[in-house]
Amino acid sequence: MKKIADFFKAHRYVIIWTLCYIFAMKFILGALFNFNMFSQNAWIQLAHSHLHGFGGFVFGLMVLAAVPMYAATTAIIIRTKKPLFTIPLPGFIVRAFAPPAPEPAPEPAPAPKGQHNEPEHIELPQYMPLEMRGAFIRTRRGGIRPPVSAFDTSHITNMTAPAKQSPTTATETESVDDFPLPSDFDTPGDADINFSDGALPSFTTIDFDSPTTSADTQPSPQPGDATPEIIKHLTDAGHAAHSDGEFIVCDKHLIAIHTDNDFWIADDVDWFAGGKQRPSPIAAVIARAAQLELQPALYLGATNILDLEQRIAKWESDGIRIIKDLSEL
């Protein structure tokens with residue numbers, strides 16, 4: 001019996017909806033079409049009859065849609081575990097059948113003096129430091145933080161305050177010889193220092209306006225400084241060569257030149273050296289060669305370049321001819 005009661009309790013909304021649905025269908029079919037859905041003879045007669053007109057169409061539609069509609073609505077009730085429709089009851093019915101209100105619980109009597117209630121549990125924050133927990137608990141309980149002395153006064157008992165002394169008496173008891181004052185504030189050896197022999201620093205020898213002529217500050221040679229020499233070499237070899245800005249046009253080639261012996265880092269956009277920067281000759285010669293419809297080439301008069309072999313392999317794969325010796329021209 002308990003299992004049956006639990007089953008009806010768990011599926012009470014489905015059972016109530018099934019009974020209401022059957023009652024509604026019986027009422028509609030009986031009132032509108034004079035059809036008894038609980039009569040076996042009525043169903044046998046319906047199976048051998050033909051439906052005509054608007055009434056027959058509506059009757060057949062209701063009979064065919066009754067089972068799918070019931071299945072869909074029951075599935076919704078099972079999924080939501082709530083009734084399909086909620087009809088609010090009138091207020092007077094709710095008040096008539098409502099259980100009586102419980103009596104208010106008596107207020108607890110105040111604790112007599114001298115007795116302390118159990119301290120309430122105070123939940124501390126998760127990451128509160130240990131040294132702040134005591135102050136936090138006292139603040140939550142409304143207590144005042146007791147004054148704490150910086151000295152250990154546990155061993156001091158029955159201590160009387162000393163008698164006040166007048167300023168004159170206190171001054172007389174102090175010994176004047178404890179802090180003797182010097183008779184002369186001159187530092188020994190100050191007279192021996194002679195500032196006439198140039199002991200003090202002087203800025204007269206520093207001139208910020210004169211130009212620096214050191215060889216280290218001279219500008220390094222630019223990549224195009226070897227252009228005339230290379231053009232002369234090509235002309236002597238029987239080639240028609242002429243300059244095109246920073247490049248040399250020789251037959252079907254457009255040659256870029258790099259003759260700086262500093263250590264360079266070749267990038268796709270710019271080349272970098274110590275305190276210097278120049279646009280990449282590779283990108284420049286490719287762009288100019290595409291305009292003139294010539295084959296790009298690079299003459300490396302200096303090979304002090306980072307990862308040169310990997311760079312040469314990449315440049316040659318891009319269609320650039322690499323020349324390391326003038327004899328190859």
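As a basis for the values below, the full set of heavy atoms in this structure was taken, side chains included, without hydrogen atoms, waters or symmetry mates.
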* Short N-O contact, Asp268 and Arg311, less than 4.0 angstrom -> yes

* Asked: Once you round to the nearest 0.5 Å, how far does CG of Asp251 lie from NE2 of His239?
  -> 6.0 Å

* Does atom CZ of Phe263 have more than 12 heavy-atom neighbours from other groups under 6.0 Å away? -> yes

* Asked: Are any non-hydrogen side-chain atoms of Asp270 and Phe272 less than 4.5 angstrom apart?
  -> yes

* **CD (Gln291) with more than 12 external heavy atoms under 6.0 Å** => yes

* Short side-chain to backbone donor-acceptor contact, His48 and Ile44, under 3.5 Å -> yes

* Enclosure of Gln45 CD (heavy-atom neighbours >12, cutoff 6.0 Å) -> no

* **Mutual orientation of the aromatic rings belonging to Trp264 and Trp271 [parallel < 30°, tilted 30-60°, perpendicular > 60°]** => tilted

* Fit a plane to each ring of Phe57 and Phe54, take the angle between them on a 0 to 90° scale, and name the class: parallel (under 30°), tilted (30 to 60°) or perpendicular (over 60°). => tilted

* Do other residues, nucleotides or ligands put more than 12 heavy atoms under 6.0 Å from Gln310 CD? -> yes

* Asked: Would Lys314 and Glu309 count as a side chain to side chain contact (heavy atoms under 4.5 Å, CB included) if you check the C-alpha gap in whole Å, the side-chain angles of each, and the deciding distance to 0.1 Å?
  -> CA-CA 9 Å; Lys314 183 179 182 301; Glu309 298 301 328; over 6 Å; no

* To do: Rounded to the nearest 0.5 Å, what's the gap from CG on Asn34 to CG on Asn36? Could you check?
  => 9.0 Å

* Does Thr235 reach the side chain of His242, with side-chain heavy atoms less than 4.5 Å apart? -> no

* To do: Show your working on side chain to side chain contact (heavy atoms under 4.5 Å, CB included) between Asp6 and His11 and close with a plain yes or no.
  => CA-CA 9 Å; Asp6 293 340; His11 301 84; over 6 Å; no

* To do: Start with the C-alpha distance between Ile320 and Ile322, add both sets of side-chain angles, then the distance that settles side chain to side chain contact (heavy atoms under 4.5 Å, CB included), and finish with yes or no.
  => CA-CA 6 Å; Ile320 302 175; Ile322 305 302; 4.0 Å; yes

* Spacing of Met25 atom CE and Leu29 atom CG [to the nearest 0.5 Å] -> 4.5 Å

* Check whether Ile4 and Ile15 end up in the same hydrophobic cluster, where Ile, Leu, Val, Met, Phe, Trp and Tyr are linked by side-chain heavy atoms less than 4.5 Å apart. => yes

* With the side chain counted from C-beta on, respond yes when Ile230 and Ile248 share a heavy-atom pair under 4.5 Å apart, and no when they do not. => yes

* Asked: Around atom NZ of Lys26, are there more than 12 heavy atoms of other residues, nucleotides or ligands at under 6.0 Å?
  -> yes

* After noting the C-alpha distance and the side-chain angles of Ile77 and Val14, does the key distance pass the side chain to side chain contact (heavy atoms under 4.5 Å, CB included) rule? -> CA-CA 7 Å; Ile77 294 174; Val14 176; 4.0 Å; yes

* To do: Start with the C-alpha gap between Thr259 and Tyr299, add the side-chain angles, then the distance that decides, and say whether side chain to side chain donor-acceptor pair (under 3.5 Å) holds.
  => CA-CA 8 Å; Thr259 57; Tyr299 169 64; over 6 Å; no

* To do: Would you kindly confirm whether Leu298 and Ile265 end up in one hydrophobic cluster when ILVMFWY residues are joined by side chain heavy atoms under 4.5 Å apart?
  => no

* To do: Kindly give the heavy-atom pair with the smallest separation between Gly56 and Leu51, and that separation in Å.
  => O-CD1, 3.5 Å

* Pairwise side-chain contact, Met37 with Val63, heavy-atom cut-off 4.5 Å (strictly under) -> no

* Run the salt-bridge test on Asp260 and Lys276 with the 4.0 Å N-O cut-off and return the result as yes or no. => yes

* Can a salt bridge be assigned to the pair Asp244 and Arg288 using a cut-off of 4.0 Å between side-chain N and carboxylate O? -> yes

* Asked: Under 3.5 Å, is there a donor-acceptor pair between the side chain of Tyr21 and the main chain of Ala66?
  -> yes

* **Shortest non-hydrogen contact from Val285 toward Leu254** => CG2-O, 3.4 Å

* Asked: How many angstroms lie between atom SG of Cys250 and atom CG of Leu234, to the nearest 0.5 angstrom?
  -> 4.5 Å

* Between Phe38 and Trp43, does the ring centre distance come in under 6.0 Å? -> no

* Asked: Rounded to the nearest 0.5 Å, how far does NE2 of His233 lie from CD of Glu229?
  -> 9.0 Å

* **Transitive ILVMFWY side-chain link Met69 to Ile16, under 4.5 Å** => no

* Check whether the side chains of Thr80 and Tyr13 place a donor and an acceptor atom closer than 3.5 Å, and report yes or no. => no

* Structure fact -> Taken to the nearest 0.5 Å, the spacing of Ile231 CD1 from Ile257 CD1 works out to 7.0 Å

